[in-house]
S.K.: 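Below is the structure I would like to discuss, written out as structure tokens.
Numbered from 1 within each chain, the chains take letters A, B, ... in sequence-line order.
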Protein chains: 2
Amino acid sequence: MTQTKTDPRILRTRKLIMDSFIELSGKKEFKDITVKDITAEAMINRATFYYHFEDIYDLLEKVLSEVLLINLNGNAFEDGELSESTLASIFKAITEFQLSLSNRCHRGYEDTIARIVREQLEIIFYRMLLKQNRLEEDESLKITAVILSWGIYGASVEWRRNSTITPPEEFIKKAMPYIMSGIKSASENKGN
Amino acid sequence: MTQTKTDPRILRTRKLIMDSFIELSGKKEFKDITVKDITAEAMINRATFYYHFEDIYDLLEKVLSEVLLINLNGNAFEDGELSESTLASIFKAITEFQLSLSNRCHRGYEDTIARIVREQLEIIFYRMLLKQNRLEEDESLKITAVILSWGIYGASVEWRRNSTITPPEEFIKKAMPYIMSGIKSASENKGN
DNA sequence: TGAGAATTGTCGTTTATCCAACACATTGGA
DNA sequence: TCCAATGTGTTGGATAAACGACAATTCTCA
């Protein structure tokens, strides 16, 4: 399952850094967090930080990806199909993620965050599409994943803007018929 | 205050090992804890353990010393004199330490533990005696510290055996007049 | 009792982390 | 404006930790 086993020190240190960053981002805004702050909190040398991450934006990227992945796996969709319920639980996970972020004061970095989340979604969708379609359609699947990721993410932004009172499940349900029949018909046309 | 600053990695790893040992000793008896268990819990390499400690008994020794010291410092006696109240609070600390140990199932190692605790006490008493007496009396002070450490420790054993209901402060208070007048008169004779 | 398994200490090599120092922004007062 | 302070990213040399392997106990249980 896991690839070549990595040095335990690496895992330990990465976790230290990431946890410290998450901890700090609960206290200050992102723009006020320095590398020094992080390494001090993590009790590691500053040079070690640069051994693991390009810079603080690289860290942000990887932390967000990881937190998002945990959120997604927490809502156990695993190796599921790209079904209606799977899509709904992914959407729910994203909205939860958004809410947890808004408590963490990453104001001013919405664009960066949006990009990271969308990229993760694209990867996930692509992987799921691959499982239930022919490999020859690779290009189509990639593009479909892109469209789906933008679409779903956009929906989550819309949800956050207007209707945080509406449960995310209901919210996404409204669009579901269109999304699914599109996916289904594509699937049927290709004769999977 | 602190000596030459030690490599942060050393502090980190020592703490990892000690914490893991304390954690484990809450689950198993000491005799059932292996070095492998500890390093697995601490997520460090087994060889690293031997870089820091002679063997598992060395670890036990150092952990106990540390826990005891924390208990003692917690009851803040600091650079105090060897006064009645100081002695009482030290005694109280020891009884608390004993109780915390009995929860941790170190059955069969009472002798080892006793030796370690007594040695720590001796160090502490000697340091305090040094502060309030002439340096020429070094040999006397050393022996006095030995006697005091055995005596106080023995009292704590007695307390645990009979009268866990009696507050330790009251218990030791009964012997206090004799102890103190002894110390005082010695102090006077030497004309501090 | 004896054979297989587990634990203990140790060693040499490789790798991650520490440290001090560096040049180069960026910032915020005087 | 200038300059002191602070943060960034990089380097080279030193050191702690990881790894795998080893012989030598010690255990376990058939």
Side-chain angles (χ1 to χ4, degrees), chain A residues 1-25 27-63 66 105-109 112, chain B residues 1-25 27-64 66 105-109 111-112:
Chain A
M1 187 59 90
T2 54
Q3 54 271 43
T4 62
K5 56 187 169 185
T6 41
D7 193 316
R9 285 173 286 182
I10 292 188
L11 300 175
R12 225 198 336 277
T13 303
R14 288 229 174 99
K15 184 162 165 41
L16 272 175
I17 294 176
M18 288 186 163
D19 287 352
S20 301
F21 176 66
I22 292 175
E23 174 69 21
L24 281 178
S25 67
K27 299 180 194 159
K28 323 180 179 187
E29 303 203 12
F30 176 72
K31 70 172 171 47
D32 294 330
I33 298 176
T34 71
V35 174
K36 208 177 173 187
D37 291 337
I38 296 169
T39 57
E41 171 88 20
M43 290 190 297
I44 60 153
N45 194 276
R46 204 164 53 85
T48 306
F49 175 92
Y50 292 102
Y51 184 87
H52 293 280
F53 303 95
E54 290 250 336
D55 52 28
I56 207 172
Y57 301 99
D58 184 33
L59 172 62
L60 173 65
E61 185 143 341
K62 284 171 176 155
V63 165
E66 180 143 313
C105 306
H106 281 266
R107 281 189 295 267
Y109 285 84
T112 310
Chain B
M1 187 64 87
T2 54
Q3 55 272 39
T4 63
K5 57 186 170 188
T6 41
D7 193 315
R9 286 172 285 182
I10 292 188
L11 301 175
R12 223 196 340 276
T13 303
R14 288 228 175 101
K15 182 159 167 45
L16 272 175
I17 294 176
M18 289 187 163
D19 286 352
S20 302
F21 176 66
I22 292 175
E23 174 70 20
L24 281 177
S25 68
K27 300 180 193 161
K28 323 180 178 187
E29 303 204 14
F30 176 72
K31 71 172 169 47
D32 294 329
I33 298 177
T34 71
V35 174
K36 207 177 172 187
D37 292 337
I38 296 169
T39 58
E41 171 87 21
M43 290 191 297
I44 59 151
N45 194 274
R46 203 164 54 83
T48 306
F49 176 91
Y50 292 102
Y51 183 87
H52 292 280
F53 302 95
E54 291 251 334
D55 51 29
I56 207 171
Y57 301 98
D58 184 32
L59 172 62
L60 173 65
E61 185 142 341
K62 285 174 175 156
V63 166
L64 288 184
E66 180 142 314
C105 306
H106 282 266
R107 280 188 295 269
Y109 284 84
D111 297 346
T112 310

S.K.: Taking all non-hydrogen atoms of both residues, which atom of F53(B) and which atom of D58(B) are closest, and how far apart?
M.R.: CA-OD2, 3.4 Å
S.K.: Given dT8(C), dC18(C), dT8(D), which nucleotide is nearest the side-chain atoms of V35(B)?
M.R.: dT8(C)
S.K.: At 4.0 Å (heavy atoms only), tell me whether R14(B) reaches a base, stays on the sugar-phosphate, or touches nothing.
M.R.: nothing
S.K.: Give a yes/no answer on whether the side chain of K36(B) brings an N or O atom under 4.0 Å of OP1 or OP2 in dG9(C).
M.R.: no
S.K.: Starting at CD1 of I38(B) and ending at P of dT8(C), how long is that distance when rounded to a whole Å?
M.R.: 8 Å
S.K.: Using a cutoff of under 3.5 Å, can you pull out all pairs of nitrogen or oxygen atoms linking the protein to nucleotides 12-16 of chain D, with atom names and distances?
M.R.:
unit_1	atom_1	unit_2	atom_2	d
dT15(D)	O2	R9(B)	NH1	3.0
dT15(D)	O2	R9(B)	NH2	3.3
dA16(D)	OP2	Y51(B)	OH	2.6
dA16(D)	O5'	Y51(B)	OH	3.0
dA16(D)	O4'	R9(B)	NH1	3.3

S.K.: Minimum heavy-atom separation for H52(A) to K62(A), with atom names?
M.R.: O-NZ, 4.3 Å
S.K.: Heavy atoms, side chains only, cut-off 4.5 Å: are M43(A) and L16(A) in contact?
M.R.: no
S.K.: Which distance, rounded to the nearest 0.5 Å, do you find between the CG of D37(B) and the CZ of F21(B)?
M.R.: 11.0 Å
S.K.: Which part of the nucleic acid, if any, lies within reach of I56(A) when heavy atoms closer than 4.0 Å are counted: base, sugar-phosphate only, or nothing?
M.R.: nothing
S.K.: Rounded to whole Å, how long is the line connecting atom NZ of K31(B) with atom C1' of dA6(C)?
M.R.: 16 Å
S.K.: Figure out the CG/P separation between D32(B) and dT26(D), and round it to whole Å.
M.R.: 18 Å
S.K.: Any side-chain N or O of R46(A) less than 4.0 Å from the OP1 or OP2 oxygen of dG7(D)?
M.R.: no
S.K.: Drop me the distance from S25(A)'s OG to I38(A)'s CD1, to the nearest 0.5 angstrom.
M.R.: 9.0 Å
S.K.: Measure the distance from CD on E54(B) to P on dT7(C) and round it to the nearest whole Å.
M.R.: 21 Å
S.K.: Is the distance from OP1 or OP2 of dT10(C) to the nearest side-chain N or O of Y50(B) less than 4.0 Å?
M.R.: no
S.K.: Is any side-chain nitrogen or oxygen of N45(B) closer than 4.0 Å to OP1 or OP2 of dA17(D)?
M.R.: no
S.K.: Does E41(B), at its CD atom, have more than 12 non-hydrogen atoms belonging to other residues, nucleotides or ligands within less than 6.0 Å?
M.R.: yes
S.K.: Between I44(B) and D55(A), just flag the one whose closest nucleotide in DNA chain D comes earlier from the 5' side.
M.R.: D55(A)
S.K.: Can you tell me if T39(B) uses its side chain to pair, donor with acceptor, with the backbone of K36(B) under 3.5 Å?
M.R.: yes
S.K.: To the nearest Å, how far apart are I33(B) CD1 and dT7(C) P?
M.R.: 13 Å
